[in-house]
Amino acid sequence: MSRTLHARPGPALRRADLDSLAGRASNIAGLGTDEVPRTDGEDGWHVDHGSALVGTEPPGEPVPGGDWERACSVLLGYQFTDHRRLRGAFRPGDPLLGRDMLLEGRFGPLRFHLGVRVTAVVDEIRDGARVWGWTYETLHGHLERGRLTYEIVKDLDTGEVRFVIRAFSRPAPIPNPLYRLGFAVFGRAVQIEFYHRAGQRVRDLVGAARGGRPLPEPVPGPDGITVAPEGSPRRWTDAVALLVRHPGA
């Protein structure tokens with residue numbers, strides 16, 4: 001059952017919730033390969049595939065310090081989220097594969113603590129493209145059940161560098177009827193907005209770095225935890241936010 005606190009999510013609570021994820025299993029565990037949805041709407045699943053052009057390089061292998069490597073850095077540090085909707089807390093010193101991440105979903109005065117775990121990392125040549133990226137799965141208590149893959153893909157023939165999202169998801173059981181209704185009404189629109197803004201932000205950060213601005217990097221605090229995206233501003237609503245911890249069943 002979820003726990004609700006009438007307080008903003010401070011560092012101690014964030015650390016406790018991040019540490020607690022080690023005891024949470026994936027909420028799509030047991031979903032067989034033949035059960036993974038292939039088309040949108042299949043058994044209530046949303047299946048998404050988005051691609052955004054974020055840079056260009058000469059054809060061939062990625063250029064050292066070029067747009068592909070810049071985009072990979074943004075992806076590795078989880079710097080591509082819109083802080084107004086989603087922030088991520090994790091320990092950047094942990095290996096990427098198997099890393100637990102505490103996501104803080106933000107909607108009006110509400111803050112939702114949701115857990116995910118990195119379950120796959122890819123670094124390969126695929127269909128004439130250089131690909132690097134990673135996948136996470138939602139954990140018990142998340143508002144959704146699903147798997148999401150982020151990749152940076154360079155076409156070795158054209159030099160185009162793209163940020164690619166592939167995902168499938170559907171709502172998890174949500175015991176609280178108010179949160180269940182809110183997610184049913186707004187959840188899909190917020191999800192699509194997140195995908196769109198993520199591609200926009202990767203493109204903007206890569207372009208700024210090309211012009212000489214340093215890329216944002218995860219900066220861990222004394223407890224080793226970083227909150228991404230780096231430099232996210234506080235909002236006045238943070239002081240009075242209602243925190244809902246792991247609202248899914």
Quick check: is Leu205 connected to Val164 through a chain of hydrophobic side chains (ILVMFWY, heavy atoms under 4.5 Å apart)? no

Just how far is it from atom CG of Leu96 to atom CE of Met101, taken to the nearest 0.5 Å? 9.0 Å

Intermediate values then yes/no, side chain to side chain contact (heavy atoms under 4.5 Å, CB included), Val161 and Arg70: CA-CA 10 Å; Val161 178; Arg70 294 182 182 113; over 6 Å; no

Say whether His140 and Asn27, considering side chains only, have a donor N or O and an acceptor N or O under 3.5 Å apart. no

Side chains of Arg38 and Val47 in contact at under 4.5 Å (non-hydrogen atoms): no

Please name the pair of heavy atoms, one in Val131 and one in Trp68, separated by the smallest distance, quoted to 0.1 Å. C-CZ2, 4.2 Å

Any side-chain to backbone donor/acceptor pair from Gln79 onto Glu230? Under 3.5 Å, distance only. yes

Could you walk me through whether Phe168 and His46 pass side chain to side chain contact (heavy atoms under 4.5 Å, CB included), step by step? CA-CA 5 Å; Phe168 65 85; His46 294 296; over 6 Å; no

Pick out which of Asp204, Val202, Val153 makes a side-chain contact (heavy atoms from CB on, under 4.5 Å) with Val54. Val202

Trp132, Leu156: one ILVMFWY side-chain cluster at the under-4.5 Å cut-off? no

Close side-chain approach of Pro247 and Leu114, heavy atoms under 4.5 Å: yes

Any side-chain heavy-atom pair of Val74 and Phe163 under 4.5 Å: no

Can you tell me how the ring of Trp134 sits relative to the ring of Tyr78, calling it parallel under 30°, perpendicular over 60° and tilted otherwise? tilted

His142 and Val116: which non-hydrogen atoms are nearest, and at how many Å? CD2-CG1, 3.9 Å

Is there a side-chain contact between Val63 and Pro58, using heavy atoms and a 4.5 Å cut-off? yes

Has Thr138 got a side-chain atom pairing as donor or acceptor with Gly146's backbone, closer than 3.5 angstrom? yes

Heavy atoms, side chains only, cut-off 4.5 Å: are Tyr195 and Leu148 in contact? yes

For Ala167, is there any backbone N or O sitting under 3.5 Å from a side-chain donor or acceptor partner on Asp48? no

Quick one: does Glu124's side chain have a donor or acceptor within less than 3.5 Å of a partner on Val122's backbone? no

Carefully, step by step, assess Ile165 and His49 under the rule side chain to side chain contact (heavy atoms under 4.5 Å, CB included). CA-CA 6 Å; Ile165 291 178; His49 183 193; over 6 Å; no

Between the side chain of Ser169 and the main-chain N/O of Arg145, is any donor-acceptor distance below 3.5 Å? no

Applying side chain to side chain contact (heavy atoms under 4.5 Å, CB included) to Glu144 and Phe183, what does each step give before you reach the verdict? CA-CA 9 Å; Glu144 294 178 318; Phe183 191 73; 3.4 Å; yes

Should Lys154 and Glu57 count as an ion pair when the cut-off is N to O under 4.0 Å? yes

Are any of the side-chain heavy atoms of Ile125 and Glu61 separated by less than 4.5 Å? yes

Expected output: side-chain Arg91 to main-chain Ile225 donor-acceptor under 3.5 Å: no

Using the test ring-ring contact (aromatic ring centres under 6.0 Å, His included), find all partners of Phe194 that sit at least two apart in sequence or belong to another chain. none

Is the backbone of Asp94 close enough, under 3.5 Å, to the side chain of Arg99 for a donor and an acceptor to pair up by distance? yes

Verify same cluster id: Phe186, Tyr179 (apolar side-chain graph, 4.5 Å): no

Find out if a path of hydrophobic residues (ILVMFWY) with successive side-chain heavy-atom gaps under 4.5 Å connects Val244 to Leu181. no

Arg245 bridged to Glu104 by N-O distance under 4.0 Å: no

Start with the C-alpha gap between Glu151 and Arg162, add the side-chain angles, then the distance that decides, and say whether salt bridge (charged side-chain N to carboxylate O under 4.0 Å, His left out) holds. CA-CA 8 Å; Glu151 294 177 337; Arg162 291 187 170 273; over 6 Å; no

Exam field: side chain Trp45 to backbone Thr39, donor-acceptor pair closer than 3.5 Å: no

Grab the two heavy atoms, one from Arg84 and one from Arg106, that are nearest each other, plus how far apart they are. O-CB, 3.5 Å

For a quick test of reading the model, state the closest non-hydrogen atom pair linking Leu21 to Gly115 and the distance between them. CD2-CA, 3.8 Å

If you measure from CG on Leu143 to NE2 on His246, what distance do you get to the nearest 0.5 Å? 11.0 Å

Assess, by modelled atom type and distance only, whether the side chains of Gln191 and Arg188 contain a donor and an acceptor separated by less than 3.5 Å. yes

Residues Leu215 and Ala209: closest non-hydrogen pair is CD2-CB, 3.6 Å

Other residues, nucleotides, ligands: >12 heavy atoms within 6.0 Å of Glu193 CD: yes

Run Arg117 and Asp100 through salt bridge (charged side-chain N to carboxylate O under 4.0 Å, His left out) and show every step you take. CA-CA 5 Å; Arg117 179 170 298 130; Asp100 288 337; 2.6 Å; yes

Under a 4.5 Å side-chain heavy-atom rule over Ile, Leu, Val, Met, Phe, Trp and Tyr, are Tyr136 and Leu97 clustered together? yes

Within a reach of under 6.0 Å around CG of Asp127, are more than 12 heavy atoms found that belong to other residues, nucleotides or ligands? no

Close side-chain approach of Thr135 to Val118, heavy-atom, < 4.5 Å: no

Donor-acceptor pair, Arg180 side chain versus Pro175 backbone, under 3.5 Å? yes

Rounded distance [0.5 Å steps], CD in Glu69 versus SG in Cys72: 7.5 Å

Nearest-0.5 Å distance that lies between atom CZ in Arg87 and atom CG in Leu102: 12.5 Å

Quick one: are the ring centres of Phe107 and Phe112 less than 6.0 Å apart? no

With rounding to the nearest 0.5 Å, note down the distance linking CG in Asp67 to CD1 in Ile152. 10.5 Å

Between Pro92 and Gly224 the two heavy atoms that sit nearest each other are CD-O, 3.4 Å

Output yes when a side-chain donor or acceptor of Ser26 lies under 3.5 Å from a complementary backbone atom of Glu137, and no otherwise. no

Is a salt bridge present between Asp82 and Arg85, judged by a nitrogen-to-oxygen distance below 4.0 Å? no

Is it the case that atom CZ in Arg126 sees more than 12 heavy atoms from other parts of the structure closer than 6.0 Å? yes

